[in-house]
Trainee: 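The structure follows.
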Amino acid sequence: MKIYNTATGRKETFEPLVAGRVSMYACGPTVYNYFHIGNARTFLFFDVVRRWFQYIGFDVRYVQNITDIDDKIIAQATLDVVPAAQVAEKYATAFIEDTNALGIEQPDYQPRATQYIPQMIALIDELVKKGHAYELDGDVYFAVESLPGYGSLARKNLDDLKVGARVAANTRKRHPSDFVLWKAAKPGEPKWDSPWGEGRPGWHTECVVMSQDLLGDTFDIHAGAIDLIFPHHENELAQARARTGKPLANVWMHGGFLNMRGDKMSKSEGNFFTARDVLQKYDAETVRLFFLSKHYRSPIEYSPELLDEARTAMANFYDALQFVGWKPGNDAQASWSDEAKARRDEFIAAMDNDFNTARAVSVLFELARAIKNEKDYAIELRREFARLLVDLGGALGFFTDAASRLEVGGALTGKLLDLLVGYRIEFRSRKMYDMADRVRDDLAALGVELKDTRDGTVWSVRHDEVE
RNA sequence: GGCGACAUGGCCAAGUGGUAAGGCAAGGGUCUGCAAAAUCCUCAUCCCCGGUUCGAAUCCGGGUGUCGCCUCCA
């Protein structure tokens, strides 16, 4: 198992802290709005990371936070003329709904910043006492110069940052890169008591406190999108090192962006679609396939054409399953035939190589092709391929609901369809083609597709349009 | 100004020194009452210029282009 580690800039063999276990923390959303489809890429990818670790036998402990107190939430609350907590609650709920709709498994723990205020205050206090932070009119800042090696994660040095700093604002900070740990409350803002007066925590502290509380001082994997490397993750790392002298995480994983017409999709630039919007047009598996068709560290261009392609491809997978009469059951077999094993090994090798999902997905395509290839493969083998397809696909989060997708409205509906198909077969054998075609056309109007294969007439329900 | 990533067929995309996976689209054949499906065939020398090597899309140097980070940000 090799993973690209931002901290070292290299692909490394993954060595868990505890054999057989993985502790991972992914930065979640700041809940001031619906998240966009670019955010979805990140959430979805780390869902796949988690599923993969589980597939290969790891016991995974997965934490993803929700930032429910932040300047942007306060700003939105001001616009909506409601309490900030109400904005946070609304979009936190929406976040959970939307990630569910995307087929993302909920994390084992989903801490919220406001649940950890005392712990954050304790950490900040400790940093002040150790000389790594200082107060300034009710704000508290982390002194980046107090910590040798600050900037190592992003491979930046303080001098360069000084030059590049475009933020003039607070000239009273000791160093322009000093970042805020505690913010004094302005009138009307949400606030908590602290040794430095009433205020709220800065963004970079919550993840340190929550991850260390739930996963320990140092854990296996810390994840997020590429933009979080600096300053967010750098600042988390700084606080953790200042506190414990140890790294916060052994492996830092960062996913690439989803771009819109060349630019990164971003709420502040207004060029985005919410995941909600996209799910109106494309089902969750289509979105998943669209993302997983490319390596997670590469940028992806948002493209309706490619989403359409992904939809076609997904339909083909289900066609293949239908083709050999796949039924839910023991897809995860203890042993596989040589033919199946060869493909499974290829899939595993791809995933174990820094989560090469694009390569892994191509194995699924090859399986689908083989499943439908009645000429070269015996039906038993093709059925095994189907089980393998569902098994491996499941490791990527596909086919989790295949049974119900392939099933139509219960047993009676299935029997009625078989009856109608029987009529078509009968009509065809009597060369009553107008009636035979009427059966097919009428069913097509209802979204049921008939195909006359060598093995007889089969029906399938079109699922490629989401209303 | 500093740091970093990427550049593969009509489109998407894998490839990490051994002679270009896969998907979509397109064209042609077989099969078929028709349609669909299935099946067979066709479709790239990897941004440019140098270098290393028996051999490079893959390594090194130099260009060009695109993008990201340095500021809230998935």
Side-chain angles (χ1 to χ4, degrees), chain A residues 6 9 11 26-30 32 35-46 70-72 75 151 154-157 159-169 176-177 179 203 223-232 234 254-259 262-269 272 275 289-290 293-295 297-301 303 305-313 316 319-320 322-323 346 350 353-354 356-366 368-369 372-376 427-428 431-434 436-437 440-441 444 449-455 457-458 460:
Chain A
T6 303
K11 238 186 249 184
C27 287
T30 299
Y32 68 103
F35 66 89
H36 63 61
I37 190 67
N39 303 340
R41 179 188 184 190
T42 305
F43 302 146
L44 203 147
F45 173 68
F46 290 111
D70 176 87
D71 289 358
K72 290 193 292 287
R155 270 181 285 287
K156 294 178 186 299
N157 65 65
D159 295 338
D160 293 340
L161 288 172
K162 221 175 225 169
V163 173
R166 279 177 279 175
V167 257
S177 292
F179 55 92
W203 178 43
I226 193 169
D227 57 331
L228 294 188
I229 297 173
F230 197 93
H232 186 54
E234 188 73 57
H254 293 98
F257 276 135
L258 178 69
N259 297 141
D263 295 321
K264 74 170 182 178
M265 186 176 281
S266 118
K267 287 176 188 168
S268 53
E269 290 175 34
F272 68 94
L289 181 61
F290 168 68
S293 293
K294 191 155 176 173
H295 187 84
R297 285 187 282 115
S298 304
I300 297 184
E301 197 69 25
S303 158
E305 291 76 21
L306 291 177
L307 277 161
D308 288 343
E309 267 189 25
R311 179 155 61 190
T312 303
N316 284 341
D319 266 1
Q322 184 105 19
F323 210 82
E346 198 183 335
N353 182 11
D354 195 27
N356 190 338
T357 56
R359 181 66 183 266
V361 161
S362 79
V363 174
L364 300 186
F365 282 125
E366 280 167 16
R369 197 177 162 80
K372 290 199 265 193
N373 185 339
E374 47 200 358
K375 198 174 131 204
D376 293 346
F427 286 138
R428 287 183 71 213
K431 298 197 190 304
M432 295 166 68
Y433 295 122
D434 53 338
D437 289 347
R440 186 176 64 196
D441 294 344
E449 201 171 20
L450 295 191
K451 293 165 192 160
D452 302 321
T453 74
R454 279 179 199 154
D455 297 336
T457 298
V458 299
S460 62

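The basis for the numbers below is simple: all heavy atoms, side chains too, and nothing from hydrogens, waters or symmetry mates.
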Trainee: Reading nucleotides 33-43 of chain B from the 5' end, what letters show protein touch, with B for base, S for backbone sugar-phosphate only, - for no heavy atom under 4.0 Å?
Mentor: BBBBSSSS---
Trainee: Got a sec, which residues hit side chain to side chain contact (heavy atoms under 4.5 Å, CB included) with A:Asn316, two or more places apart in sequence or on another chain?
Mentor: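 Only A:Thr312, A:Asp319, A:Lys372 meet the side chain to side chain contact (heavy atoms under 4.5 Å, CB included) criterion with A:Asn316.
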Trainee: List in chain and number order the residues that pass salt bridge (Lys or Arg N to Asp or Glu O under 4.0 Å) with A:Lys72, two or more places apart in sequence or in another chain; answer none if no residue qualifies.
Mentor: A:Asp70
Trainee: Would you mind writing out the side-chain donor-acceptor pairs for residues 35-45 of chain A within the sub-3.5 Å range, not counting sequence neighbours?
Mentor:
from: A:His36; atom 1: ND1; to: A:Gly38; atom 2: N; distance (Å): 2.9
from: A:His36; atom 1: ND1; to: A:Asn39; atom 2: N; distance (Å): 3.1
from: A:His36; atom 1: NE2; to: A:Asn39; atom 2: OD1; distance (Å): 3.2
from: A:Arg41; atom 1: NH1; to: A:Gly256; atom 2: O; distance (Å): 3.1
from: A:Arg41; atom 1: NH1; to: A:Phe257; atom 2: O; distance (Å): 2.7
from: A:Arg41; atom 1: NH1; to: A:Ser298; atom 2: O; distance (Å): 2.8
from: A:Arg41; atom 1: NH2; to: A:His295; atom 2: O; distance (Å): 3.1
from: A:Arg41; atom 1: NH2; to: A:Tyr296; atom 2: O; distance (Å): 3.2
from: A:Arg41; atom 1: NH2; to: A:Ser298; atom 2: O; distance (Å): 2.7

Trainee: List, with names and distances, any nitrogen or oxygen atoms from the protein found under 3.5 Å away from nitrogen or oxygen atoms belonging to nucleotides 56-59 of chain B.
Mentor:
none

Trainee: Could you tell me which residues satisfy side chain to side chain donor-acceptor pair (under 3.5 Å) with A:Asp71, sequence neighbours excluded, listed by chain and number?
Mentor: A:Lys183, A:Arg200
Trainee: Under a 3.5 Å cut-off for both distances, is B:U66 Watson-Crick or wobble paired, and to whom?
Mentor: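 Pairing partner: B:A5.
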Trainee: Sequence neighbours left out, what passes side chain to side chain donor-acceptor pair (under 3.5 Å) with A:Arg155? Give chain and number order.
Mentor: none
Trainee: Could I get the full list of salt bridge (Lys or Arg N to Asp or Glu O under 4.0 Å) partners for A:Asp437, not counting sequence neighbours?
Mentor: A:Arg424, A:Arg440
Trainee: Can you list the residues that meet the ring pair (Phe, Tyr, Trp, His ring centres under 6.0 Å) rule with A:Tyr433, with sequence neighbours excluded?
Mentor: none
Trainee: With A:Arg369, which residues qualify under salt bridge (Lys or Arg N to Asp or Glu O under 4.0 Å), at least two apart?
Mentor: none
Trainee: Polar-atom pairs under 3.5 Å, protein N or O versus N or O of nucleotides 11-15 of chain B: list them with distances, or write none.
Mentor:
from: B:A13; atom 1: OP1; to: A:Lys294; atom 2: NZ; distance (Å): 2.1
from: B:A14; atom 1: OP1; to: A:His295; atom 2: N; distance (Å): 3.1
from: B:A14; atom 1: O3'; to: A:Asn356; atom 2: ND2; distance (Å): 2.8
from: B:G15; atom 1: OP1; to: A:Asn356; atom 2: ND2; distance (Å): 2.5

Trainee: Going by ring pair (Phe, Tyr, Trp, His ring centres under 6.0 Å), name the residues that satisfy it together with A:Phe179, two or more places apart in sequence or in a different chain.
Mentor: A:Phe142, A:His204
Trainee: Using atom CG of A:Leu228 as one end and atom P of B:G68 as the other, report the distance to the nearest whole Å.
Mentor: 16 Å
